[in-house]
J.: 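Quick one: the structure is below, questions incoming.
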Amino acid sequence: MDRDPRTSRRSWAEPFRIKMVEPITVTTRGHRERAIKDAGWNTFLLRAEDVYIDLLTDSGTNAMSDRQWAALMLGDEAYAGSRSYYHLEDAVRDVYGYEELVPTHQGRGAEHILSQILIKPGDAVPGNMYFTTTRYHQERAGGTFVDVIIDEAHDPASTYPFKGNVDLDKFRAVIDEYGASRIPYISVETNVNMAGGQPLSMANLRATYELCREHGIYLMLDATRALENAWFIKQREPGYQDKSVREILRELCSYSDGATVSSKKDNLVNIGGFLALRDPDLARRARSLLVAFEGLHTYGGMSGRDMEALAQGIREMVETDDHIAARIGQVEYLGNKLIDEDVPIVLPIGGHGVFLDARAILAHIPQEQFPAQALAAALYVDSGVRSMERGVVSAGRDPVTGQNHLPKLELVRLTIPRRVYTQAHMDVVAESVVEVVASADEVAGLRFTYEPEDLRFFLARFEPIS
Ligand code: F0G
């Protein structure tokens, strides 16, 4: 059977049925107008109860399977040497292929520890586009993040199939400028979140890894959405059509010295993460910080049951290709509906969500007045659909100059939780987006009423500019 939704003439459907449901609230427009005002026009500050369809993030919002819920009951809550830790270690070794596991409470815990053990003040850390928490920890350790993603990634309309690729010339230029000894590692993100959920190719990762080895620089993956990247490689890169995503994921990880993972995404759980490494000495250094910041080396911030459900989630996500085909199939379903209605979105459609091009939709609002923030608020008021700003507010300020980073991408992210919503929910979302885009000229720009110093997008408050 041809399971590829793009070439098959048959419909695909989710490889699961629903055993338990959770009611969600439908609210009135008046209620939502009050709620967004109370939330300072920041969708992070809305109460979840006031949200109808929650597309804020795919992080920790996954539905677990019956086998994962059953695994929770088997968690071993021993402080030291928990059986559940060893189950998790086995799963990471089997699926990702890294020998050394350093468990953390979530992805940023792993980023913190990796940054602290490898980065010295004055170092450069190249990366294929920044991620908010990743760059924060690199800068906090005294490093300077340098963007080495290909130019296509900054162009929402470019349909290049691997917009997550590292630009090797840009990477070489960083090596020339800083010298390899001041570049502890390159941080390579799979299925680049801020670029719109865009993959890198196996060939590009392999070439980047070779360049790293020539210069004695580590390659550290952010493998948070590596499974989604593996699916796109299977669809788009010659030679991978007949491989399983399990095999492709393993090969991706083979071109790296370690990885940070937020398990709240691909791994199908609600909390958890890890740092995985090959070098036992590096792992030893990581563990000695782990015990100070996260927890003992055999739980690192997760309970035994969390680790048990995570081990099961890791195995389940690659058991067959059907899970990832349906997961990305649903994202593409929503994206294609919006394309059919001429809504400007980031192309190609990403792995974990559909990204609206707020700069194109709200062309009358200058970037200093936060068009993506304003669009996310307007969408919520229209239908109770919650999305997230991924533009100038998320990008923050340059720590040296204090000026706003002005990213080329000014986006609103409609992020799809895994195994949670139905196709009918996606229809409602698409209709609301179309409605808001049609009346875009009614949306006003915003200004800060409170701007936090660190990771400002989470807690910032705004008001409309009348
Ligand atoms: N790396 C990537 C690529 C991420 O998308 C995230 C989180 C992290 C690291 C940090 O992991 O949240 O477990 O500490 N992304 C979420 C999102 C918050 O909504 O995109 P964490």
Side-chain angles (χ1 to χ4, degrees), residues 42-44 46 48 51 54-62 102-115 125 127-140 145 147 149 153 163-164 187-200 220-229 252 256 258-276 293-294 300-302 306 310 313-314 331 346 350-355 372 376 386-391 393-396 409 411-418 420 454-459:
N42 184 350
T43 53
F44 275 104
L46 288 166
V51 172
D54 202 348
L55 306 186
L56 182 74
T57 178
D58 63 330
S59 181
T61 51
N62 302 306
V102 182
T104 58
H105 75 286
Q106 58 183 74
R108 66 199 73 179
E111 292 163 1
H112 171 220
I113 286 169
L114 181 69
S115 301
V125 187
N128 54 343
M129 203 171 265
Y130 82 102
F131 184 70
T132 52
T133 57
T134 321
R135 187 180 67 193
Y136 177 82
H137 283 295
Q138 291 163 356
E139 288 174 349
R140 217 169 155 268
F145 168 82
D147 189 10
I149 202 165
K163 287 165 87 171
S187 178
V188 179
E189 188 184 331
T190 50
N191 239 50
V192 182
N193 190 352
M194 301 301 278
Q198 302 294 324
L200 49 71
M220 294 298 177
L221 283 181
D222 180 337
T224 294
R225 295 185 185 83
L227 176 69
E228 291 171 0
N229 200 123
L252 275 171
S256 72
T260 53
V261 172
S262 165
S263 294
K264 302 169 74 170
K265 286 81 168 177
D266 272 357
N267 294 166
L268 299 170
V269 287
N270 304 118
I271 191 72
F274 57 89
L275 166 64
F293 287 102
E294 297 276 319
M302 281 180 281
D306 292 337
L310 172 54
I314 289 172
V331 176
V346 173
H352 63 307
V354 175
F355 291 68
R386 171 155 70 169
S387 57
M388 186 193 288
E389 191 265 6
R390 294 276 83 157
V393 180
S394 296
L409 298 179
L411 308 174
V412 167
R413 187 181 73 173
L414 301 163
T415 342
I416 318 296
R418 295 166 190 78
V420 170
D454 299 314
L455 297 170
R456 64 182 182 180
F457 56 96
F458 284 128
L459 299 175

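Position 1 is the first residue of the sequence; numbering continues from there. All values below were derived from every heavy atom in this structure, side-chain atoms included, with hydrogens, water molecules and symmetry-related copies excluded. Ligands are counted one by one from 1 in listed order, and the atoms in each one are counted from 1 as well.
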J.: Identify the protein heavy atom lying closest to atom 12 (O) of ligand 1, giving its residue, its atom name and the separation to 0.1 Å.
T.: Arg108 NH2, 2.9 Å
J.: Within the structure provided, determine whether Val420 and Thr61 are in side-chain contact (heavy-atom separation under 4.5 Å).
T.: no
J.: To which protein heavy atom is atom 11 (O) of ligand 1 closest, and what is the distance rounded to 0.1 Å?
T.: Ser262 CB, 3.2 Å
J.: Contact between Lys265 and Arg418 at the side-chain level, heavy atoms closer than 4.5 Å - yes or no?
T.: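 Result yes, sub-4.5 Å side-chain heavy-atom pair found.
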J.: Look only at interatomic distance and state if Arg413 has a nitrogen or oxygen under 3.5 Å from any nitrogen or oxygen of ligand 1.
T.: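 Yes: some nitrogen or oxygen of Arg413 is under 3.5 Å from one in ligand 1.
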J.: How about Ile271 and Met302: do any of their side-chain heavy atoms sit closer than 4.5 Å?
T.: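 No, every pair of side-chain atoms sits at 4.5 Å or beyond.
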J.: Enumerate the atoms of ligand 1 whose separation from the nearest heavy atom of Glu189 is less than 4.0 angstrom.
T.: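 Listed by number with element: 3 (C).
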J.: Does Arg140 pair with Asp454 as a salt bridge, N-O distance under 4.0 Å?
T.: no
J.: Do Gln198 and Val346 make a side-chain contact, defined as non-hydrogen atoms from C-beta onward lying under 4.5 Å apart?
T.: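 When only atoms from C-beta onward are counted, Val346 and Gln198 do touch, with a gap below 4.5 Å.
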J.: Treating Glu294 as the side-chain partner and Pro103 as the backbone partner, does any N or O pair qualify as donor plus acceptor under 3.5 Å?
T.: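 Between the backbone of Pro103 and the side chain of Glu294 there is no qualifying donor-acceptor contact (under 3.5 Å).
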J.: Nearest 0.5 Å, please: how far is CG in Asn62 from OG in Ser263?
T.: 10.0 Å
J.: Heavy-atom distances under 4.0 Å are what count here, so tell me which part of His112 touches ligand 1: side chain, backbone, both or neither.
T.: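 The answer is neither.
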J.: Of all the atoms in ligand 1, which lie at a distance below 4.0 Å from a heavy atom belonging to Lys264?
T.: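 Those atoms are 13 (O).
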J.: Considering only non-hydrogen protein atoms, determine which one is nearest to atom 15 (N) of ligand 1 and report residue, atom name and distance to 0.1 Å.
T.: Lys265 NZ, 3.0 Å
J.: Should Gln106 be counted as touching ligand 1, given the test is an N or O pair under 3.5 Å?
T.: yes
J.: Check the angle between the aromatic planes of Phe44 and Phe458 and answer parallel, tilted or perpendicular using the 30° and 60° thresholds.
T.: perpendicular
J.: Between ligand 1 and Met388, is the shortest N or O to N or O distance under 3.5 Å?
T.: no
J.: Atom 8 (C) of ligand 1: which protein heavy atom is closest, and how many Å away?
T.: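 Going atom by atom, the protein heavy atom closest to atom 8 (C) of ligand 1 ends up being Phe131 CE2, 3.5 Å.
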J.: Please list the nearest protein heavy atom to atom 10 (C) of ligand 1 with its residue and the distance rounded to 0.1 Å.
T.: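 Looking only at protein heavy atoms, the one closest to atom 10 (C) of ligand 1 is Thr133 OG1, 3.6 Å.
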J.: Taking only residues two or more places apart in sequence or in another chain, which ones pass side chain to side chain contact (heavy atoms under 4.5 Å, CB included) with Phe145?
T.: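 By the side chain to side chain contact (heavy atoms under 4.5 Å, CB included) rule, Phe145 matches Tyr130, Arg135, Gln138, Asp147.
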J.: Can you tell me which residue and heavy atom of the protein come closest to atom 9 (C) of ligand 1, and the distance to 0.1 Å?
T.: Glu111 OE2, 2.8 Å
J.: Could you tell me if any non-hydrogen atom of His352 lies under 4.0 Å from any atom of ligand 1?
T.: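 No; His352 lies far enough from ligand 1 that no heavy-atom distance drops under 4.0 Å.
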J.: Kindly indicate whether the side chain of Arg390, heavy atoms from C-beta on, has any atom under 4.5 Å from the side chain of Thr132.
T.: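 Yes. Closest side-chain heavy atoms under 4.5 Å.
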J.: Can you find an N or O of Thr57 that's nearer than 3.5 Å to an N or O of ligand 1?
T.: yes
J.: Give the atoms of ligand 1, by number and element, whose distance to some non-hydrogen atom of Arg225 is under 4.0 Å.
T.: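 In order of number, 3 (C), 4 (C), 5 (O), 20 (O).
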J.: Asp222 to ligand 1: N or O pair under 3.5 Å?
T.: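 Between Asp222 and ligand 1, an N or O pair is found under 3.5 Å apart.
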